[in-house]
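Take a look at the structure set out below.
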Amino acid sequence: MMKKLTTRVSALALAAMLVLGTLLTAFAASPASVDDSASIFSADQKSEITSRFDRTGDKTGWQLILYTSTKGVSSGLSNYYNQNYVDRISHDGDAVVLVFDIGSNKGAVISHGSAESYISDERLSEMGSMLRGYLDKKDYYGGALAFADKLDQFYADGVPKDGSYSNVKTNEKADNKLLYVLSHYGWIFGIIAVAAGVIFFAVNSYRYKNLGKSGTYDLHANSKVDLNEVQDDFITQNTTVRVIRSESSGGGSSGGDGGSSHGGGDF
Amino acid sequence: MATMNYKCPNCDGPLRFNPDKQLFTCEYCLGEFPAAEVQEMNAKAEQRETYDEREVKQAEQAKQEAKQQGAEAEDEYPVSYTCPSCGAEVVTTSTTAATTCFYCYNPVVLGSRLSGEFNPDRVIPFELSKEKAMDRFLAMCGKKWFLPKGFASKEQFEKLNGVYFPYWFADEQKTAHMTATGKKIRRWTSGNKEYTETRIFHVVRGGDVTINNVFERALKNESRDMLQSVHPYDMTKAQPFAMSYLSGFQAEKRDLDKKDVEPVIEQKMHQYAEQALRDTMDGYDEIIVDDFVEKTDLSAYTYNLLPVWMVTYKFNGEILPFAINGQTGKSYGKLPVAKGKLVAAAVIVALLVFVLGTLGGLLFA
């Protein structure tokens, strides 16, 4: 009986792990591409950029994507294009996306997978400054090639030893919510779960050992009060006031932060 | 008083009290007799004191005197009687007032245990038969998931014994007076401000408080927890004591005097009186009692025998008592726990909590 029960519990635990594991799926691979929605490149330029990106891709194992847009997004480009473009295309796990928003003349670099570790905050800033120069000159073609050169350099230099990755962390939960929740709050849920189990065990043990101990005397049914003196004299009153803090004063509005996890920054 | 067994006027077979019918029944001729009839038939016999019993009484008195003079003596010691049915020797403890002869299985009531100062005032006759008590117990076990397999079986509780246990009950009328500070609190919100208005009152209550049926066990060697926890009983159904009710059951004589239980009962009475008066201060959100005084005007203690079905069972080397109120069926006891089952259930609960927490996290992340 005990063995059966243990087997059932183990099977249940295994099933739960499998369900959780299935949700933790990874990306699949695909080649470099240029998606020129803003129509700023000639066919030759697109071909040149693609072959240049492929060379970097062969070296690094990353998929390089160039996307041009006329949306005119002026802030939060990396999040916006991660949700509205990168997540809609089928991209590899290891990828770097360069976005040129012609409408706002701004750009963004979005990294995924292993590329994220090579593009630290410092390197992203360096890349952004460099690309900003090309944007200012409206030299999108030159910017795309320089982007590939810079990635080659970052790859050759390896993963920075003391790099910071705030750009990656801010969007971690968007990549795989379950992984994010488990990695950040799993230990809390674990403690709560263990506490719940222990409380369940203790409460049931106590109830079994103390069956029928309560409710032995009913005062209401066994007492009678005949009052001959009743006074309820008002003495004083006071009123206190508490200011309720407005919830909206705490911060800005929270927009949707969906989409996959990525490293990224605007320029 | 005599060592009694109550006999059927038709066939001379032993009479036992039947809780289901609230009648005395003869298991040989199936005759049924009301309690009053049996009491009347045996009234004279109950008054007769046999030679056997006189001897036992004298031995007990000698023991008491020796104890008073400082001699070492056990509170409980074996006492032997002669069974009025078969003549066999019935060995009981010094507090046993009714039992069954181990040879002929006829009920024996040891009258001297319940005479004089030990004569109970009231008795609540068994209302729950052994079968019904067992059914109640097994139904209760059916709802307990973590009992060891095979525990909740009729065989386990075949040895259920009907026992009348002795209790002291007290009724008191008191004059009581309480002063308190009462608070009425009102909250409301206007704009971004929350207002809390507290009105303070001087509250006085005085009057007569009657508290009834405060009880305390009158047998020191039995588990106090068990004897206290089988309550409550419906004392309105208590009958004036008659020895015949004990026929077919075991009964225990009290070994705690009124003075032994008085401090505990008086403490309870004080608490209950305070609570009863406090409960009349309704309409307040908070009450702080500033002063409470009470004086007892009337006090009455009675000695009662109350019915309990009880059994002890052995589990993992530990002997555990189990008791069922012989009137209401309320159960008390230490139930054994199948730790494996409970651990497995606790693991499942923990897993569920973890999964629910994670799902909640996914919703709010």
Side-chain angles (χ1 to χ4, degrees), chain A residues 1-2 5-6 8-9 12-13 16 20 173 177-178 180-182 184-186 188-190 192-194 196-198 200-201 204-205 208-220 222-246, chain B residues 144 146 149 177 182 189 192-215 225 228-232 272 275-277 279-280 330-337 340-351 353-355 357-358 361-362 365:
Chain A
M1 175 67 195
M2 194 53 232
L5 202 68
T6 312
R8 280 180 198 165
V9 172
L12 196 75
L20 293 175
K173 67 179 172 186
K177 268 191 173 181
L178 183 65
Y180 173 80
V181 168
L182 288 176
H184 285 75
Y185 304 109
I188 298 174
F189 299 146
I192 294 171
V194 169
V198 169
F200 181 86
F201 184 92
N204 277 288
S205 295
Y208 275 57
K209 281 180 185 164
N210 294 278
L211 179 74
K213 271 196 168 180
S214 59
T216 56
Y217 185 75
D218 182 354
L219 177 62
H220 182 72
N222 287 292
S223 65
K224 197 178 107 186
V225 179
D226 292 321
L227 293 174
N228 53 28
E229 187 182 358
V230 177
Q231 276 183 53
D232 293 86
D233 300 328
F234 173 73
I235 300 171
T236 183
Q237 80 171 58
N238 62 64
T239 305
T240 57
V241 183
R242 187 175 71 88
V243 178
I244 304 164
R245 284 185 63 188
S246 170
Chain B
K144 305 282 179 196
F146 308 118
K149 197 181 174 187
H177 190 270
T189 307
N192 67 339
K193 289 177 180 170
E194 186 191 74
Y195 296 84
T196 305
E197 178 196 80
T198 307
R199 289 190 295 152
I200 299 169
F201 293 80
H202 176 64
V203 189
V204 180
R205 295 287 184 273
D208 297 326
V209 181
T210 307
I211 310 281
N212 293 323
N213 298 323
V214 176
F215 60 88
D225 261 358
Q228 297 294 104
S229 300
V230 288
H231 286 255
Y272 292 155
Q275 186 60 47
L277 215 54
D279 288 348
T280 64
K330 186 194 170 196
S331 304
Y332 163 83
K334 259 187 179 181
L335 287 174
V337 180
K341 275 189 196 176
L342 188 54
V343 167
V347 168
I348 290 170
V349 166
L351 267 175
V353 169
F354 186 78
V355 170
T358 306
L362 283 174

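Sequence lines set the chain letters: A, B, ... in the order given, protein chains first and strands last, and positions in each chain run from 1. Being a predicted model, the structure only gives us computed values, none of them experimental.
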Name the option with the most non-hydrogen atom pairs under 4.5 Å to chain A; the candidates are [options].
options: B:Val203, B:Thr196, B:Val353, B:Val349; result: B:Thr196
options: B:Ser331, B:Gly333, B:Ala276; result: B:Gly333
options: B:Ile211, B:Asp279, B:Thr189, B:Ile200; result: B:Ile200

**Prompt:** Do B:Arg205 and A:Val230 come within less than 4.5 Å of each other through their side chains, counting heavy atoms only?
**Reply:**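 B:Arg205 vs A:Val230: side chains touch.
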
**Asked** Tell me, do B:Val204 and A:Asp233 make a side-chain contact under 4.5 Å, heavy atoms counted?
**Response** no

**A:Asp218, part contacting chain B, at a heavy-atom distance under 4.5 Å** = neither

For chain B, the option from [options] that forms the most heavy-atom pairs under 4.5 Å:
options: A:Ile188, A:Leu219, A:Val243; value: A:Leu219
options: A:Ile192, A:Asn228, A:Thr216; value: A:Thr216
options: A:Tyr208, A:Tyr217, A:Phe189, A:Phe200; value: A:Tyr208

**Message:** With a 4.5 angstrom heavy-atom cut-off, is it the side chain or the backbone of B:Val214 that approaches chain A, or both, or neither?
**Reply:**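 The answer is both parts of B:Val214.
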
**Request:** With a 4.5 angstrom heavy-atom cut-off, could you sort out which part of B:Lys330 is near chain A: side chain, backbone, both or neither?
**Result:** side chain

**Request:** Measure up the A:Phe234 and B:Phe201 rings against each other and bin them: parallel (under 30°), tilted (30 to 60°), perpendicular (over 60°).
**Result:**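 A:Phe234 vs B:Phe201 ring planes: perpendicular.
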
**Fill in**
Separation between CZ (B:Arg199) and OG1 (A:Thr236), nearest 0.5 Å, reads 11.5 Å

**Asked** Any donor and acceptor pair, going by atom type alone, linking the side chain of B:Tyr272 with main-chain N or O of A:Asn222 inside 3.5 Å?
**Response**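 Side chain of B:Tyr272 to backbone of A:Asn222: no pair is present.
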
